[in-house]
Amino acid sequence: MSLATSKNSITIERLNKSYPGPSGADVHYIIKDVDLVVKSGEFFVLLGPSGCGKSTLLNIIAGFVSKSGGRLRIGESEVSKPGKDRAVVFQQADSSLFPWLTVRQNVEFGLKMKKMPKPQRKEISDRYIGLVGLSGHENKFPRELSGGMKQRVQLARVLANDPVILLMDEPFGALDAMTRRTMQKELSRIWRETNKTVIFVTHDIQEALLLGQRIGIMSAGPSSNITNIYDVPLPYPRDAAAPEFYELYRTIQAHFDE
Ligand SMILES: Nc1ncnc2c1ncn2[C@@H]1O[C@H](COP(=O)(O)OP(=O)(O)O)[C@@H](O)[C@H]1O
Ligand SMILES: [Mg+2]
C-alpha cells in the first residue's frame, strides 16, 4: 500500500461548495475544484486570508458541511459524515464545551462514552489538563474560564480522545502570545510522537512555518482554491530565528503581497 492511500490519508478531488446566488438562478462558489492529498501522518497547514473558505473546506472534511461536488476520501473510503477517525478543534471553544460539565468531565467525556474505567480516565485527563496548563482548574465550569482557557480545555478533550486525524481551525487564535507559543510547541511534539494526520488552518505565516511539513496557500474567494503548496524542509523543533525560516517566511509573505 502506498503512503498516499494508507488508512489515515485525506484525498480531495475537484471538491467544491456552492450556494445559490442572490437571484436564485446563479451559483456562488465558496471553494471550487480543490484537489489535495494529505498523507497519513502528515502535518499539513492551510494558509489563507480571512473569508477565503478555510473553515468551509475543513468542515467538509470533518463531515459537518456537505460538499456540492467532487470527492472526499479518508484512506480508501468515501466519506460524507462525521466519524470517530476525525476530531475537530474549532476556532471558538464556547460552542463545543458542555456548560454543565466541569473541566475534567469535559475532557473525560469521550473516554466515558467509550466506557473507559475511571482510574484510567483520570490518568489521561490529568495528563492532558496538565499539558494545556490547566492543572488546578479541574473542577471549574466553562463559565468560570476565560476564552483562552476554554480553548485549552477543548484541545485537551480532543487530544484525550486520541483521534487518528486532527482537524484544527485556527485553534490558537484566541490565546495570548505566550500560551500560544507553548501550545504550538506541544502540538508539534504530540504530532511527532503520535503520527496523527493533521490539517491545521491559520492565517498566520509564522505559525504555519513553525508547524507544517507542507503549507497550502488558499486564494481569496469567491471560487477559492489551493493555488500553491510550499514544502518546509526544516527540522523540528523549528527555530523562527533561523535564516532558512526567515527566507521561507519572506517567500510566502511576498506571495500574499502580490
Ligand atoms: N451557509 C453559508 N451560506 C452562504 N455563504 C456562506 C455560508 N457559510 C460561509 N459562507 C461564506 O463563505 C466564505 C468563506 O467562509 P469561511 O469558510 O468561514 O472562510 P475562512 O474560514 O477562510 O475565514 C465567506 O465569504 C462566507 O461568508
Ligand atoms: Mg474560518
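Residues take their numbers from the sequence shown, with the count starting at 1.
Between V201 and M168 the shortest side-chain heavy-atom distance does not fall below 4.5 Å. Considering only heavy atoms from C-beta on, H255 comes within 4.5 Å of I217 through its side chain. Between I124 and M116, the closest side-chain pair of non-hydrogen atoms falls below 4.5 Å. Inter-residue side-chain proximity for Y230 and N228 is flagged as met; some heavy-atom pair is nearer than 4.5 Å. Taking 4.5 Å as the limit, every side-chain heavy atom of I12 sits out of range of all side-chain heavy atoms of R71. Between H28 and P222 the shortest side-chain heavy-atom distance falls below 4.5 Å. Between L57 and K17 there is no side-chain heavy-atom pair separated by less than 4.5 Å. Considering only heavy atoms from C-beta on, L58 comes within 4.5 Å of I199 through its side chain.
Connection of Y19 to I60 is established within a shared hydrophobic cluster, with ILVMFWY side chains joined at heavy-atom distances below 4.5 Å, either directly or through further cluster members. When the side chains of ILVMFWY residues are joined at heavy-atom separations under 4.5 Å, either directly or via intervening members, V34 and Y29 end up in two distinct hydrophobic clusters. Under the 4.5 Å side-chain heavy-atom criterion for grouping Ile, Leu, Val, Met, Phe, Trp and Tyr, M149 is not connected to W100 through any hydrophobic cluster. Under the 4.5 Å side-chain heavy-atom criterion for ILVMFWY residues, no single connected hydrophobic cluster contains both L101 and V107. Hydrophobic clustering (ILVMFWY, side-chain heavy atoms < 4.5 Å, transitive): I31 and V27 are in distinct clusters.
Counting all heavy atoms, side chain and backbone alike, G212 lies closest to V232 at O-CB, 3.4 Å. Closest approach of S135 to G130, counting heavy atoms only: OG-CA, 3.3 Å. Nearest approach of Y236 to L210, heavy atoms of both residues: CE2-O, 3.8 Å. Taking all atoms of both residues into account, the shortest heavy-atom contact from P82 to G63 is CD-O, 3.3 Å. Across every non-hydrogen atom of S96 and F90, the tightest pair is CB-CD1, 4.3 Å.
Under the side chain to side chain donor-acceptor pair (under 3.5 Å) rule, E42 has a single partner from Q213, K196, R214, which is R214. T197 pairs with exactly one of I74, V38, L166 by the side-chain contact (heavy atoms from CB on, under 4.5 Å) rule, that one being V38.
Checked for salt-bridge contact, D204 and R180 meet the test: a charged N lies under 4.0 Å from a carboxylate O. Note on R189 versus E186: salt bridge recorded, some NZ/NE/NH1/NH2 to OD/OE distance being below 4.0 Å. Ion pairing of R127 with E123 is absent here, as no side-chain N (NZ or NE/NH1/NH2) approaches a carboxylate O to less than 4.0 Å. Taking 4.0 Å as the cut-off between side-chain N and carboxylate O, K7 and D85 do not count as a salt-bridged pair.
Using modelled atom types, one side-chain atom of Q151 and one backbone atom of P171 make a donor-acceptor pair closer than 3.5 Å. In this structure, the side chain of D239 engages the main chain of A241 through a donor-acceptor pair within 3.5 Å. Judged by distance alone, with hydrogens and angles left aside, the side-chain atoms of K54 form a donor-acceptor pair with the main-chain N or O of P49 at under 3.5 Å. Checking side-chain atoms of S224 against main-chain N and O of S219 turns up a donor-acceptor pair under 3.5 Å. Judged purely by atom type and a 3.5 angstrom limit, S77 has no side-chain atom pairing as donor or acceptor with the backbone of R73. Side chain of N225 to backbone of T227: no donor-acceptor contact under 3.5 angstrom is found. Counting only distance, with no hydrogens or angles, the side chain of N8 and the backbone of I165 share no donor-acceptor pair below 3.5 Å. Side chain of R86 to backbone of I61: a donor-acceptor contact under 3.5 angstrom is found. Side chain of W191 to backbone of L211: no donor-acceptor contact under 3.5 angstrom is found. Under the 3.5 Å distance criterion, the side-chain polar atoms of R157 are left unmatched by any main-chain donor or acceptor of G110.
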* To do: In sequence, state the C-alpha distance, the side-chain angles, and the governing distance for S55 and D169, and then conclude on side-chain hydrogen bond (donor to acceptor under 3.5 Å, both in side chains).
  => CA-CA 7 Å; S55 295; D169 193 351; 2.6 Å; yes
* Asked: Please walk me through it: do T102 and K140 pass side-chain contact (heavy atoms from CB on, under 4.5 Å)?
  -> CA-CA 5 Å; T102 64; K140 289 187 177 163; over 6 Å; no
* To do: Could you please spell out the steps behind the side-chain contact (heavy atoms from CB on, under 4.5 Å) verdict for L36 and I229?
  => CA-CA 10 Å; L36 177 67; I229 294 183; 4.0 Å; yes
* To do: With side-chain contact (heavy atoms from CB on, under 4.5 Å) as the test, would you mind laying out the steps for K39 and I10 before giving the verdict?
  => CA-CA 7 Å; K39 293 189 284 289; I10 300 163; over 6 Å; no
* Derivation and outcome, side-chain hydrogen bond (donor to acceptor under 3.5 Å, both in side chains), residues R192 and S188 -> CA-CA 6 Å; R192 276 174 276 143; S188 185; 3.1 Å; yes
* Kindly determine whether R181 and Q184 satisfy side-chain contact (heavy atoms from CB on, under 4.5 Å), including the steps that lead there. => CA-CA 5 Å; R181 189 68 198 99; Q184 288 166 343; 3.3 Å; yes
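Between E170 and T202, the side chains place no donor N or O within less than 3.5 Å of an acceptor N or O (distance only, hydrogens not considered). Checking T56 against N59 by side-chain atom types alone, no donor-acceptor pair falls below 3.5 Å.
Summarising the geometry, atom CG belonging to L187 is positioned 9.5 Å from atom CG belonging to L131; distances are rounded to the nearest 0.5 Å. To the nearest 0.5 Å, the span separating CD1 on I205 from CD1 on I215 amounts to 8.5 Å. For the atom pair K67 NZ and S18 OG, the distance stands at 12.0 Å (nearest 0.5 Å). From K118, atom NZ reaches atom CG of L111 across 13.5 Å, with rounding to the nearest 0.5 Å. Interatomic distance, R121 CZ to K115 NZ, rounded to the nearest 0.5 Å: 11.0 Å. Annotation: the span from D257 atom CG to I252 atom CD1 amounts to 12.0 Å, rounded to 0.5 Å.
Note: F200 and F172 meet the aromatic proximity criterion, with ring centroids under 6.0 Å apart.
With sequence neighbours excluded, the residues forming a side-chain hydrogen bond (donor to acceptor under 3.5 Å, both in side chains) with S125 are R104, E108, listed by chain and number. Applying the ring-ring contact (aromatic ring centres under 6.0 Å, His included) criterion to F109, with sequence neighbours excluded, gives F98.
Counting heavy-atom neighbours within 6.0 Å of E247 CD, excluding the residue itself, gives a total of 12 or less. Enclosure of atom OH in Y246 is not indicated, since only 12 or fewer non-hydrogen atoms of other residues, nucleotides or ligands lie within 6.0 angstrom.
Counting only residues at least two apart or in different chains, ring-ring contact (aromatic ring centres under 6.0 Å, His included) contacts with residues 131-150 are absent.
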